Structure formats: C-alpha cells, structure tokens
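Chain letters run A, B, ... following the sequence lines, proteins first, then strands; residues in each count from 1. Everything quoted here is computed from the prediction, not taken from an experiment.
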Number of protein chains: 2
Amino acid sequence: MPFSFPFLSELTLDCVILAFHEDKLKVLLLRLRQTQDWSLPGGLIRKDEGVDEAACRTLKERTGLEHIFLQQFKVFGQVKRYDKEEIKEKLKHLVAPEKWFDRAVSVGYYALVDYAKVTPAPDALADECRWWDVQSLPSLLFDHQHIIQVARQSLRIQLNWQPIGYNLLPEEFTMPELQRLYETILGRALDPRNFQRKMLGLGILDRLGIRRKGGAHKAPYLYRFNKGHYDAVLKEGNMFFT
Amino acid sequence: MPFSFPFLSELTLDCVILAFHEDKLKVLLLRLRQTQDWSLPGGLIRKDEGVDEAACRTLKERTGLEHIFLQQFKVFGQVKRYDKEEIKEKLKHLVAPEKWFDRAVSVGYYALVDYAKVTPAPDALADECRWWDVQSLPSLLFDHQHIIQVARQSLRIQLNWQPIGYNLLPEEFTMPELQRLYETILGRALDPRNFQRKMLGLGILDRLGIRRKGGAHKAPYLYRFNKGHYDAVLKEGNMFFT
DNA sequence: GCAAAAGTGTTCAGTATACACCCATGC
DNA sequence: GCATGGGTGTATACTGAACACTTTTGC
C-alpha cells in the first residue's frame, strides 16, 4: 500500500440503502465487475472526512440523493468476518492479492430513500447497481447478508420510537401506502382504523385534496409530512408501536 | 510507527464504565501520569482481537470484571474530535510527538458494573484510577466529556426497553435500592408503589427473606434477579418505562 | 350492480398514574 | 413515642386492540 493512500485502511463502512416499492422493501446492491455475487455499497473512508460524511458521500454517489436520514447502527468488528480466501479468489481480477487489508472493521449504516427519486449508479468497479427485494436476495459477498439482517432488525426497533417515511415515500402519499410501508417493515398486518388514528394523532401529517386517478376504487386522501412536527417527534422519540 | 506495531492505528475504543454508589451514578476515570486531567479507560485494539473483545479486555484490566453487559453505543468518527495540539502538549511526557496517530476513530462502549466488586486498577500510563460522580466530573482529556454524555443518553433510552441492574447492583438488593438506581439514571422521581408493581410484574425478581441490620427503619425485603427471566426480558426488549 | 378498496366510530380490556394509610425499626 | 422509611391496595384515565358497516369508483 503506497504511503500516500488517501483512505483509512482499517476502517470501512457499509450502507444498507432501503426503499419501498410495490409493497416490497428493497435494498440497493452492486455487482462488482465480472463477478456473479453482489455486495452493499460502501467502502473506503477518506483520511480527511468524518465517518458520517463518508457514509453521506457513498449514498450520494450511488443514488444521487442528499440530506437523507442515515443511521449508524452497528460496528462489525470481529477479526474474521468472512472467509477471506474465498473473497480474494472471487475478486482477484479487481484487487491484487497483496493489496488486501489485513483486516477491516466496518461501520454499518442504513438509509431510507424514495424509490422513485433514485437512479442507481454503478461505480467504476461495478457492472451493475440495482434494487433487490430483501425477501429474495442474491448471493452476497463478505458478511453483507448478515449486515442486512442486522440493519433490518435495527430498523424495526427504531420504528417503535420514531416516525419513518419522510424520505422513503414520495412527497404526497395516501394513508394505505404509509400503512403498507409500516406493515412491510414490521412484517405483519396492522388494523387500518387504528393505524390511521395513531398516525393522525401524532400530528405529523397534513391532509391535502383527494386523488382521483390510478386506483380503480374509492379515491383515497393524499397526505404530506409536516416536517416541523415530524422532526419534533423524531427528536423526542416518544411514539410507541406495539 | 514500527512495522510490528500490534495494534490497529486508526481505530480505538472508549469505555464508559458506570456504577451506582450512595445514590449516585459513578464513572470510572484514569488520570494519566503527571497530568491534571482525566480520561476514560479504553484505547487500543490488538490486530488479532475483535473490537468487542478489546472492550472486554479493557474492562477486565481496569476493574477485574468479566462477563459484564457491555454495549456498543456509537462511533465517534469526525475528523477533528478535539484540539489535537492541546492534547499533544499535555501528554508530551507520555507520547512522543511523532508517535501520535494522524487521526483515530473511536467506538464508544458503556458497561454497568457492581461498585463493590471493582478494585479500580491504574495501568502503566496512569497515576490514578477512580470513580467520579457523573454529576461533577473533573476536567477531561480528548472528547471524553462528550462521550460520557452520549453514553448516559443511550443508557436512558435503553432503560425504556430493557431491564437494568443485573451487574450494577449487588447480588441481593432491596426494592428501594433498585428504584433509586432507576431514578438516578432517569433523573426523576418514581412512585414506589407503581415501581414495585411494574418490577414484580416483569417476573425478573425473586424475593428472599427480610434483611434486618443497617437500616434504622422498617426492614425491607431482599431480592435477587432471576437470571433466566431477566435474560428473556432483555432479549425481547418489551418493557416500557415512561 | 358488483367487486374492490377507502373511510369512519364504538366498545372493551389492560395498564399507567395518582393517591393514603399502616407497619417496623432505632433512637 | 416519634420520626423515618418500607410496604401495600384502590380508583381513574388513558391507550391499544378488536371489530362492522357505509362510501366511492371502474368495470
């Protein structure tokens, strides 16, 4: 490794970028050049940037998005996180064997983004960058399968405390859409009446007009998040969801 | 730095070791040789140990304790976490200027321990190691003041979800003692009747005999944690405390 | 007019909260 | 016997959970 290597060599980060589309929770994955396996976006931290900044940069590079809720959720610090020989073999066309770090600790982040606003962008090392349904992931490199599991679990816990949806849904959305988002993350059905009452009770939603098109049924109301109240609830973190 | 330096050079850890004594929350601090300022125990991670293992090792070295609840709570990853020149000057008798890492990211941990079971042990670099009341901390090196604040906040949040006390109180304790622990962490008074009902309702306590001595008043019951039930509640994390 | 989804209100049970009195002990 | 803290029970308010019917729309 040359002396001027501008990145930290012992610490990396991984971003679990989640979105919601067609009632499914999606995660953004990359397929590195000439490999069959996929991996999380993430990677190196510049020596002159904070770890959180590096996570924001990664998010921006892959999705084009900024000012997104990005949550540090866990440090993956075991000595042996995955089978290094297997990875070296699979990625030998990309990284010379002597260039591999001895060991890297990784900081896990998750982000929640609006599916429609993202144009997944592969980087120089990747052939493809696209959304995958978290329910049916492809084969993943490193310990990324595990990282995604832990991220989803952290997200589920966060849901008990804080509102979710601000960057995950379009600006305007309907109550059933918001409910399906919650149901997808929690993995179980919720009662529409109780759900609506609770959400409206939090005062983080503003109701707009009626939407007409699209649905072949009764037209639902449109809502928009009230950013001020939303942020207040986010900060206080006193929203229970059991 | 010699090639054989056996520690990670970009990543460190800091342990906020908390205990409860005389109705006060205490934190264990070290005073480095020939300095007036104090700092958190922690430090380097060996290249052949996991980050969590390193935190356990640190805890054991300073307190002699093992098998303690140790919680990763945050990565402190800004580029400039504190005034490096000030620190270099203050610690110049301990660390040669050229030995300073360019930058270190730190993983914060907190641990909850039984005050009576700890014999604080300074390490080779420290003159003193002792408990300080979190309400009146001395002058601290690095960003350790900040780290302690974040740890306490994380602890308060954890309290809403999980039982606390297993390693913090002696084996046998009274209900008022447990209540004072909660009151100290939460920073407000709780109703003794409701507190007792909730704790007993969780089924994590076993009542023993009556204790006689000590108190100049009615003898309170002694309790012990039921480890099995305690761990179950810890795992489920469904205990609200608002 | 029928199927599919959206919207709304009420009841019930469980739990958090507030509150007052008696009991045991050391001095 | 009195001051201090420990222990217990009850009434009330709130909140979450369960539940059924009407409305709108496209076909």
I would like to know whether A/Ile17 and A/Thr58 meet side chain to side chain contact (heavy atoms under 4.5 Å, CB included); could you show each step before the answer? CA-CA 10 Å; A/Ile17 302 173; A/Thr58 301; 5.8 Å; no
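Checked against C/dG7, D/dG9, C/dC23, the side chain of B/Lys218 finds its nearest nucleotide in C/dC23. Distance from the side chain of B/Arg197 is smallest to D/dT10 among C/dT25, D/dG7, D/dT10. Distances from the side chain of B/Pro220 to the nucleotides D/dG7, D/dG16, D/dT8 place D/dG7 closest. Closest to the side chain of A/Asn194, out of C/dT8, D/dT8, D/dA18, is D/dA18.
The aromatic rings of A/Trp132 and A/Trp38 lie perpendicular to each other, with more than 60° between the two planes, well past the 30° mark.
Remark: P of D/dG16 and NZ of A/Lys198 are 5 Å apart, rounded to the nearest angstrom. Here D/dG16 presents its P atom at 13 Å from CG of A/Leu190, a figure rounded to the nearest Å. Rounded to an integer number of Å, the gap from A/Phe195 CZ to C/dG7 P is 12 Å. Rounded to whole Å, the distance from CG on A/Leu178 to P on C/dG7 is 12 Å. Atoms CG (A/Leu200) and P (C/dA6) sit 15 Å apart, rounded to a whole Å. In this structure, A/Arg207 atom CZ and C/dA6 atom C1' are separated by 11 Å, rounded to whole Å. Straight-line distance from the CG atom of A/Asp191 to the C1' atom of C/dG7: 12 Å, rounded to whole Å. Taking atom CD1 of A/Ile210 as the reference point, atom C1' of D/dT23 lies 11 Å away to the nearest angstrom.
When heavy atoms are screened at a 4.0 angstrom cut-off, A/Pro192 is found touching no nucleic acid atom at all. Contact annotation for A/Arg180: no contact, since no heavy-atom pair falls under 4.0 Å across all strands.
Between the side chain of A/Arg193 and the base of C/dA6, no donor-acceptor pair under 3.5 Å is found.
Using a 4.0 Å cut-off between charged side-chain N and carboxylate O, A/Arg224 and A/Asp206 make no salt bridge. Using a cut-off of 4.0 Å between Lys/Arg side-chain N and Asp/Glu carboxylate O, A/Glu61 and A/Arg57 are scored as salt-bridged. Note on B/Asp231 versus B/Lys235: no salt bridge recorded, every NZ/NE/NH1/NH2 to OD/OE distance being 4.0 Å or above. The existence of a salt bridge linking B/Asp37 and B/Arg31 is excluded, since no basic side-chain nitrogen approaches an acidic carboxylate oxygen closer than 4.0 Å.
Formation of a donor-acceptor pair under 3.5 Å by the A/Gln158 side chain with backbone atoms of A/Leu155 is not found in this model.
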Atom pairs, protein N/O to nucleotides 1-3 of chain C N/O, distance under 3.5 Å:
none

